Amino acid sequence: MATIIDGKAIAAEVRGRLKERAEQFAQKHSHKPGLAVILVGDDPASKIYVRNKEKACEKSGIAASTYRLSADTAQSELIALIEKLNSSADVHGILVQLPLPAQIETQRVLEAISPLKDVDGFHPYNAGKLLQSSALLEPCTPKGCIRLIKTTGIELSGKNAVVIGRSNLVGKPLAVMLERENCTVTLCHSKTKDLEYHLKNADIVVCAVGKARILDGSFLKPGCTVIDVGINRLSDGTVCGDVDFDSAAEKAAFITPVPGGVGPMTIAMLLENTIIAAEAFNA
Ligand code: NAP
């Protein structure tokens with residue numbers, strides 16, 4: 001039976017250390033590290049995510065300011081707000097909660113954020129720096145996945161890693177980060193033929209697809225590490241991951257649960273990026 005990687009507990013530890021770092025920053029500079037969060041529209045899930053980020057900032061000594069804009073906000077208005085925040089000395093990180101309403105081009109908006117304040121790590125400049133292993137701000141979810149894997153104590157170098165899902169936000173940057181750890185990485189997606197074949201030799205499996213329980217334990221190599229990024233809301237209101245937890249836990253040595261795995265670490269990495277950006281801004 002697998003050991004559960006307790007993302008909630010690990011994230012709480014990380015946040016404890018970040019709180020000390022934020023306090024040191026505040027003492028030195030007479031103001032807290034600042035995060036601006038922009039929420040456009042009333043998507044219920046986005047509202048919950050933003051509230052959770054606000055609460056996490058409060059607890060960690062980061063000043064969060066949330067800008068709530070109506071669903072019919074024009075792209076130019078949103079970009080004007082980002083430009084104002086780009087030049088504000090109190091704001092060290094800017095986060096635009098996704099998804100955005102249809103009239104707004106997400107990529108244009110993400111590119112309007114100063115790369116120095118891009119705490120989500122989605123700006124093409126930071127994506128390019130990530131490829132060169134020199135990004136100051138790396139995307140939070142993949143960064144959190146790497147931290148979670150490292151808590152197991154397994155040696156990453158030389159391991160076979162399979163990442164399922166190739167989004168710009170999760171799968172693709174994670175594949176780059178695993179390669180940087182000297183894993184041999186296979187990046188799978190919806191057109192991959194014979195996923196089972198790739199999984200047979202995978203020491204590390206990360207599933208970031210967004211389909212409830214598509215990954216069954218029978219596919220897995222005994223003793224592997226499984227990181228479940230997926231968040232899927234079922235018709236009864238409960239949340240589950242992309243991995244069928246019970247069957248995967250029978251085969252794996254380590255596994256993350258959903259909820260309580262990658263999610264809390266993503267928020268912890270957002271806080272860390274905000275502090276990194278604040279320290280760099282004032283260096
Ligand atoms: P996304 O942009 O929709 O990407 C999904 C990826 O899965 C795509 O690359 C797609 O392939 C691939 N895919 C779809 N069906 C597949 C199949 N049957 N077999 C193999 N690959 C398949 O999603 P995302 O933004 O990366 O998010 C993925 C999941 O992670 C979602 O549930 C999301 O809510 C969750 N998430 C969680 C956190 C967290 O903090 N825990 C953070 C971010 C995202 P193609 O490219 O070929 O279409």
Side-chain angles (χ1 to χ4, degrees), residues 4-8 10-12 14-15 37 43-53 55-56 95-100 106-107 110 119-122 127 130 138-149 161-178 185-200 202 205-216 218-220 226-235 237-245 248 255-273:
I4 292 176
I5 304 174
D6 186 346
K8 210 172 158 187
I10 297 163
V14 172
R15 278 159 52 167
V37 179
D43 177 57
S46 292
K47 279 183 174 171
I48 296 171
Y49 293 143
V50 166
R51 186 70 205 115
N52 288 343
K53 287 166 189 173
K55 277 198 245 167
L95 179 154
V96 177
Q97 185 64 43
L98 301 180
L100 289 167
T106 301
Q107 200 53 33
L110 296 180
V119 283
D120 258 337
F122 295 160
L130 175 68
E138 296 185 339
C140 303
T141 300
K143 186 175 172 179
C145 290
I146 297 284
R147 294 284 181 88
L148 289 175
I149 296 168
V162 167
V163 178
I164 314 171
R166 58 173 164 181
S167 71
N168 287 339
L169 312 191
V170 187
K172 237 181 255 178
L174 183 58
V176 173
M177 291 180 196
L178 285 164
V185 183
T186 306
L187 185 54
C188 297
H189 43 77
S190 68
K191 307 291 183 291
T192 297
K193 294 206 166 75
D194 205 352
L195 183 62
E196 223 173 314
Y197 165 81
H198 297 287
L199 289 169
K200 229 180 276 173
V205 178
V206 184
C207 203
V209 171
K211 291 187 179 161
R213 302 191 182 112
I214 64 151
L215 183 62
D216 184 89
S218 61
F219 296 172
L220 298 171
V226 177
I227 305 293
D228 189 354
V229 180
I231 302 175
N232 306 290
R233 197 164 287 278
L234 303 176
S235 52
T238 57
V239 167
C240 78
D242 289 349
V243 178
D244 178 55
F245 184 85
I255 187 167
T256 58
V258 177
V262 174
M265 263 324 250
T266 296
I267 295 192
M269 294 301 101
L270 170 68
L271 304 176
E272 183 172 285
N273 278 353

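Note that ligands are numbered from 1 as they come in the structure, with each ligand's atoms numbered from 1 the same way. From a predicted model like this one, the values you see are computed outputs, not experimental measurements.
- Distances between N or O atoms of R166 and those of ligand 1 include at least one value under 3.5 Å.
- Under a 3.5 Å cut-off, the side chain of N273 and the backbone N or O of V119 do form a donor-acceptor pair.
- Nearest protein neighbour of atom 5 (C) of ligand 1, counting heavy atoms only, is V209 O, 3.4 Å.
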Practice task
Tell me, with the steps shown, if V206 and V229 meet side-chain contact (heavy atoms from CB on, under 4.5 Å).
Solution key: CA-CA 7 Å; V206 184; V229 180; 3.7 Å; yes

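- With hydrogens and angles ignored, the 3.5 Å screen pairs a side-chain donor or acceptor of N232 with a backbone N or O of G241.
- Without hydrogens or angle criteria, T256 side chain to D228 main chain gives a donor-acceptor distance under 3.5 Å.
- Side chain of D242 to backbone of G210: a donor-acceptor contact under 3.5 angstrom is found.
- For A208, the heavy-atom gap to ligand 1 drops under 4.0 angstrom.
- Between the side chain of S167 and the main chain of V170, a donor-acceptor pair closer than 3.5 Å is present.
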Practice task
In sequence, state the C-alpha distance, the side-chain angles, and the governing distance for V209 and L215, and then conclude on side-chain contact (heavy atoms from CB on, under 4.5 Å).
Solution key: CA-CA 10 Å; V209 171; L215 183 62; over 6 Å; no

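- Of the options L215, I231, V262, the smallest heavy-atom separation from atom 32 (O) of ligand 1 is shown by I231.
- For atom 4 (O) of ligand 1, the closest heavy atom belonging to the protein is S167 CB, 3.8 Å.
- With respect to atom 36 (N) of ligand 1, the closest heavy atom belonging to the protein is V229 O, 3.7 Å.
- Given atom 31 (C) of ligand 1, the protein heavy atom at minimum distance is G210 CA, 3.6 Å.
- Protein heavy atom nearest atom 19 (N) of ligand 1, with residue, atom name and distance: H189 O, 4.0 Å.
- Annotation for ligand 1: atoms under 4.0 Å from non-hydrogen atoms of I164 are 20 (C), 21 (N).
- For atom 40 (O) of ligand 1, the nearest protein heavy atom (residue, atom name, distance) is T266 OG1, 2.8 Å.
- Residue contacts with ligand 1 include G263, since one or more of its heavy atoms lies under 4.0 Å from the ligand.
- Checked by atom type and distance alone, the side chain of T238 never pairs as donor or acceptor with a backbone atom of L234 at under 3.5 Å.
- Between P257 and K8 the shortest side-chain heavy-atom distance does not fall below 4.5 Å.
- Taking a 6.0 Å sphere around CZ of R213, one finds it holds 12 or fewer heavy atoms contributed by other residues, nucleotides or ligands.
- Atom 18 (N) of ligand 1 has K211 NZ, 4.1 Å as its closest protein atom, hydrogens excluded (heavy atom only).
- Residue I214 places no N or O, backbone or side chain, under 3.5 Å from any N or O of ligand 1.
- In terms of polar-atom proximity, defined here as any N/O pair under 3.5 Å, D242 makes no such contact with ligand 1.
- Given atom 44 (C) of ligand 1, the protein heavy atom at minimum distance is V170 CG2, 4.0 Å.
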